[in-house]
Amino acid sequence: MILDGVGLPGQVKLTQSSVVVVGAGGLGCPALQYLGAAGIGRIGIIDHDRVEISNLQRQILHNEETLGMYKAESAALAMKRINSELTVDVMAVALTADNAMSLLHPYDIILDCTDNVPTRYLLSDASVALKKPLVSGAAQKFEGQLCVFNLGTNGPCYRCLYPQPPPQESVGSCSELGILGVVTGIIGNMQALETIKIILGKEDQSPSLLLFSALGSPPFRSIKLRQRKPTCVACNNPGAPLNSTDYVQFCGGPSPDWVSEGRIAGLAGHRIQARELHELIMSSTVRPRILDVRPAIEYGICQLPESENVPLKELLSQPEKYIPSSATDLYVICRLGNDSQIAAEALRRMGRGACVKDVIGGLRAWSTVVDSNFPIY
Ligand SMILES: Nc1ncnc2c1ncn2[C@@H]1O[C@H](COP(=O)(O)OP(=O)(O)OP(=O)(O)O)[C@@H](O)[C@H]1O
């Protein structure tokens, strides 16, 4: 309140404002922590996922005691420890095209703290339709990006910048590619800062894309963005893409874990649950052929007995080498069930009628439903 340019009116603005944070992971946790501490009047948290031990290296609102709890709940508990009077709406559901408008509608500003491309397009289209600013963060390995989309009447949206999704091979999750925890801390904190600036009316009206590289020299670079693109399908017709886009199909690649059971059922025949694979192993006299597409170093840490290791890159460079004869079924597995979908699709494209199935949820699912002693990392 004593800060020049903020004062009591500024603090009142913070108290009277509302924000919604989608994703209570590496970016969402630091953003939520500072937004809560700043005294934002109402904070919504949307995340369908539960806290896992591998999250604790960067998802700083969660702790050993909240393992297994919904992240949205765990984050809310931690924030209320800072300020018991905070109003926090816990929404332990996945944001989808069906619920986006109703879940996001009550809030002034939307923060994208998620980790997958379909949700980025979905959030962008929803924020254009709702005419709300979208404070978007991303982080992977040693790098991060920050941008405020849809600001004012002419600020560009995510689609203006990226009309087409990135190629599949350039996309991966933190658990697949790794992330230095503090990098998400830096970007998540900056998302909180940009949000507070918007509320206080101190935002930069000509938006830029901030690029951070922990190993870069200098580590921060900034690119000024143009205004809305005249050809942007979302800005020209707000709401239209939201009603007509299958975001997962549009982005290609593996289905994120929030995709509904209905969609997985649509892929029936191409996919198998870990439990079903286990039943098959137990009931067959001939052991099913299992291809593990993780990098060799990860395969060395743990693997299913008698599985073969063909790292994804190797498989994609020569898929014909690994297609089974039409008589043999092939089950493709990885750590979380993403790379195995890409590998299975590549093998199926080779034809020959081979029956190739990927294991939904990968070895993580195996350790949850089949063998709790399986040492998944
Ligand atoms: N459509 C969505 N609706 C709600 N939450 C989402 C959606 N997409 C992603 N998220 C959430 O965004 C968060 C992203 O954070 P982050 O990548 O740090 O976590 P993670 O997915 O647990 O990471 P890891 O890749 O290590 O498992 C996750 O908690 C994830 O559940």
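Just so you know, ligand 1 is whichever comes first in the structure, and atom 1 is the first atom listed for that ligand. Computed from a predicted model, the values in this text were never measured in an experiment.
- Contact annotation: Cys113 has at least one heavy atom less than 4.0 Å from an atom of ligand 1.
- At a 4.0 Å heavy-atom cut-off, ligand 1 does not touch Thr184 at all.
- With distances taken over non-hydrogen atoms, the option nearest atom 22 (O) of ligand 1 out of His48, Glu52, Lys71 is Lys71.
- Residues forming a salt bridge (Lys or Arg N to Asp or Glu O under 4.0 Å) with Asp47 (at least two apart in sequence, or on another chain): none.
- Annotation: side-chain hydrogen bond (donor to acceptor under 3.5 Å, both in side chains) contacts of Gln191 (sequence neighbours excluded): none.
- Nearest heavy atoms, Ala92 versus Tyr70: CB-CG, 3.6 Å.
- Residue Gly26 has at least one heavy-atom neighbour below 4.0 Å for each of these atoms of ligand 1: 15 (O), 16 (P), 18 (O).
- The option from Leu122, Thr119, Ile179, Asn116 that lies nearest to atom 9 (C) of ligand 1, judged by heavy atoms, is Asn116.
- With a heavy-atom cut-off of 4.0 Å, Ser54 does not touch ligand 1 at all.
- Summarising the local packing, CZ of Arg287 is surrounded by more than 12 heavy atoms from other residues, nucleotides or ligands at distances under 6.0 Å.
- Considering each of Asp47, Asp115, Asp49, the one bringing a non-hydrogen atom nearest atom 29 (O) of ligand 1 is Asp47.
- Under 4.0 angstrom from ligand 1, there are no non-hydrogen atoms of Leu336.
- With hydrophobic clusters built from ILVMFWY side chains whose heavy atoms lie under 4.5 angstrom apart, Ile43 does not share a cluster with Val12.
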